[in-house]
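Labels below follow one simple rule: chain letters A, B, ... track the order of the sequence lines, proteins then strands, and each chain is numbered from 1.
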Amino acid sequence: MMVVSSKFFNRPTLTVARGLLGKFLVRKIGRRKIAGMIIEVEAYDGPHDKASHASRGRTERTRVMFGKSGYWYVYLIYGMYYCLNIVTEKENYPAAVLIRSVEIFGSQTSLGGRTSRYICGPGRVCKYFKIDKWFNEKTASRKTGLWIEDRKIKITPRMIKRGKRIGVEYAGKWKNRLLRYYI
DNA sequence: AGATTGATCCAT
DNA sequence: TGGATCAATCTG
């Protein structure tokens with residue numbers, strides 16, 4: 001159960017996005033832990049990506065995307081739902097990966113497998129993990145109570161599918177980029 | 001298909 | 001300072 005360090009995120013955003021598939025999002029509340037395997041993400045890559053909040057430049061909201069990698073970017077959308085992103089790449093290059101869906105593993109079955117269920121959609125992920133703006137601009141680490149873990153699940157390239165990002169129709173040619181990755 | 005909901009951003 | 005917009009979700 002290795003905690004993924006900021007070094008992992010200080011790499012090309014598309015590499016990080018693919019690398020996050022199969023990793024675990026872990027939330028600690030008191031002595032309770034919530035954990036789920038990441039199965040769907042989207043990359044928001046650089047200042048020219050019109051789908052990215054950072055394409056409008058550095059603002060109060062987007063400054064975290066311009067900051068160091070390994071920090072959480074959490075924002076409210078449609079006045080109701082939070083979205084969780086992890087900042088990638090070096091300082092001053094605005095980029096992040098949105099965590100869209102996770103798989104929650106349950107009890108062991110008699111045949112040695114495990115039951116599981118899916119939390120699909122960034123708003124639902126935040127609701128399930130009890131994530132709100134408190135985490136914005138905080139690090140992904142044990143000390144904040146929200147981090148990414150490597151549990152050595154092997155994800156091969158052929159297991160990874162890609163598609164267009166969701167809900168970015170306004171983004172011109174960037175809307176068609178295949179920056180959504182899922183298992 | 002339509003309602004919800006409020007922070008954010010930019011044009012007035 | 002106001003009004004459009006939004007990395008979504010729920011209900012019918």
Side-chain angles (χ1 to χ4, degrees), chain A residues 4 8-9 11-25 27 34 36-89 92-104 116-140 144 146-148 160-183:
Chain A
V4 175
F8 175 90
F9 302 104
R11 294 186 297 153
T13 304
L14 277 55
T15 306
V16 174
R18 283 188 293 263
L20 276 172
L21 297 174
K23 300 284 190 298
F24 282 72
L25 179 65
R27 172 87 164 95
I34 308 169
M37 191 176 78
I38 297 166
I39 57 169
E40 184 188 12
V41 297
E42 282 175 359
Y44 290 84
D45 187 12
H48 306 297
D49 180 353
K50 284 284 179 286
S52 171
H53 296 159
S55 67
R56 310 231 202 189
R58 203 185 289 247
T59 67
E60 174 113 22
R61 178 168 73 156
T62 62
R63 73 175 175 218
V64 59
M65 291 187 76
F66 287 81
K68 288 201 275 283
S69 61
Y71 282 71
W72 297 117
Y73 170 36
V74 181
Y75 61 89
L76 185 66
I77 191 69
Y78 300 113
M80 272 182 271
Y81 303 106
Y82 291 101
C83 291
L84 177 68
N85 300 250
I86 183 83
V87 174
T88 59
E89 310 222 24
N92 295 319
Y93 184 88
V97 175
L98 171 68
I99 297 175
R100 288 193 61 89
S101 303
V102 300
E103 182 174 3
I104 307 295
S116 77
R117 72 188 186 97
Y118 299 101
I119 309 293
C120 298
R124 291 179 186 144
V125 167
C126 285
K127 189 174 170 194
Y128 185 84
F129 282 82
K130 303 195 191 324
I131 293 161
D132 61 21
K133 271 202 89 165
W134 185 86
F135 287 99
N136 190 44
E137 299 192 273
K138 295 202 163 57
T139 59
T144 61
L146 183 66
W147 66 91
I148 304 286
I160 299 176
K161 303 192 191 314
R162 57 190 314 197
K164 297 177 187 179
R165 292 173 293 182
I166 309 291
V168 296
E169 290 308 304
Y170 56 88
K173 67 176 182 185
W174 286 89
K175 77 172 195 278
N176 293 319
R177 297 280 312 273
L178 304 178
L179 296 177
R180 173 172 159 256
Y181 300 93
Y182 56 100
I183 297 175

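In this structure, Arg165(A) places its CZ atom 14 Å from P of dC6(C), rounding to the nearest Å. Atom pair Ile131(A):CD1 and dA7(C):C1' shows a separation of 15 Å (rounding to whole Å applied). Rounded to whole Å, the distance from CD1 on Ile166(A) to P on dT9(C) is 10 Å. Look at OH on Tyr82(A): it is 16 Å from P on dA7(C), rounded to the nearest Å. Per the geometry, CZ belonging to Arg177(A) stands 16 Å off C1' belonging to dA7(C), to the nearest Å. Remark: C1' of dT8(B) and OH of Tyr81(A) are 19 Å apart, rounded to the nearest angstrom. Rounded to an integer number of Å, the gap from NZ of Lys175(A) to P of dC6(C) is 13 Å. Between Met80(A) atom CE and dA7(C) atom P the separation is 14 Å, expressed in whole Å.
In this structure, Arg180(A) satisfies the cation-pi test against Tyr182(A), with its NZ or CZ atom closer than 6.0 Å to the six-membered ring centre and inside 45 degrees of the ring normal.
Using a 4.0 Å cutoff on non-hydrogen atoms, the parts of residues 118-130 of chain A near DNA chain C are Gly121(A), Pro122(A), Gly123(A), Arg124(A), ordered by number. Looking at residues 37-46 of chain A, you'll see Tyr44(A) sit with a heavy atom under 4.0 Å from some atom of DNA chain C.
Atom P of dA7(C) sits at a distance of 22 Å from the matching atom of dA1(B), rounded to the whole Å.
Smallest separation of non-hydrogen atoms from Ile39(A) and Tyr118(A): CD1-CD2, 3.5 Å. When all heavy atoms are compared, the tightest approach of Cys83(A) to Ile77(A) is SG-CG2, 3.9 Å. In plain terms, the two heavy atoms of Arg18(A) and Tyr181(A) that are nearest each other are NH1-OH, 3.5 Å. When all heavy atoms are compared, the tightest approach of Thr62(A) to His53(A) is CG2-O, 3.4 Å. Among all heavy-atom pairs drawn from Pro122(A) and Leu98(A), the shortest one is CB-CD1, 4.0 Å. Taking each heavy atom of Ile99(A) and Val41(A) in turn, the nearest pair found is CA-CG1, 4.4 Å.
For dA8(C), the OP1/OP2 oxygens have a side-chain nitrogen or oxygen of Arg100(A) closer than 4.0 Å. A sub-4.0 Å separation between OP1 or OP2 of dA7(C) and a side-chain N or O of Tyr170(A) is present. Taking only side-chain nitrogens and oxygens, His53(A) never comes nearer than 4.0 Å to OP1 or OP2 of dT8(B).
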_If you apply the rule salt bridge (charged side-chain N to carboxylate O under 4.0 Å, His left out), what do you find for Arg165(A) with Asp49(A), and how did you get there?_
CA-CA 12 Å; Arg165(A) 292 173 293 182; Asp49(A) 180 353; 2.7 Å; yes

Just do the side-chain contact (heavy atoms from CB on, under 4.5 Å) check on Trp72(A) and Leu84(A) with the steps written out, would you?
CA-CA 7 Å; Trp72(A) 297 117; Leu84(A) 177 68; 3.3 Å; yes

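Each of Gly79(A) and Glu60(A) was matched to the nucleotide of DNA chain B holding its nearest heavy atom; the match closer to the 5' end belongs to Gly79(A). Both Leu76(A) and Arg56(A) lie close to DNA chain B; mapped to their nearest nucleotides by heavy-atom distance, the more 5′-ward contact belongs to Leu76(A).
For NZ of Lys68(A), the number of neighbouring non-hydrogen atoms (other residues, nucleotides, ligands) closer than 6.0 Å is 12 at most.
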Symbol by symbol from the 5' end, with Watson-Crick or G-U pairs under 3.5 Å, [ ] crossing and | another strand, DNA chain B is ||||.||||||.

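We find that Arg11(A) and Glu89(A) are not joined by a salt bridge, their nearest charged nitrogen and carboxylate oxygen being 4.0 Å or further apart.
dA8(C) has its base stacked against the ring of Tyr78(A), the centroids being under 5.5 angstrom apart at an interplanar angle below 30°.
Exactly one of Arg100(A), Lys161(A), Arg162(A) qualifies for a salt bridge (charged side-chain N to carboxylate O under 4.0 Å, His left out) with Glu40(A). That residue is Arg100(A).
Nucleic acid contact for Lys133(A): sugar-phosphate only, since backbone atoms but no base atoms lie under 4.0 Å from a heavy atom of the residue. At a threshold of 4.0 angstrom between heavy atoms, the contacts of Arg61(A) are confined to the sugar-phosphate backbone, with no base atom among them.
With hydrogens and angles disregarded, no donor-acceptor distance shorter than 3.5 Å links the side chain of Asp45(A) to the backbone of Ala95(A).
For dA4(C), the O4'-C1' to base torsion is more than 90° from 0; the nucleotide is therefore anti.
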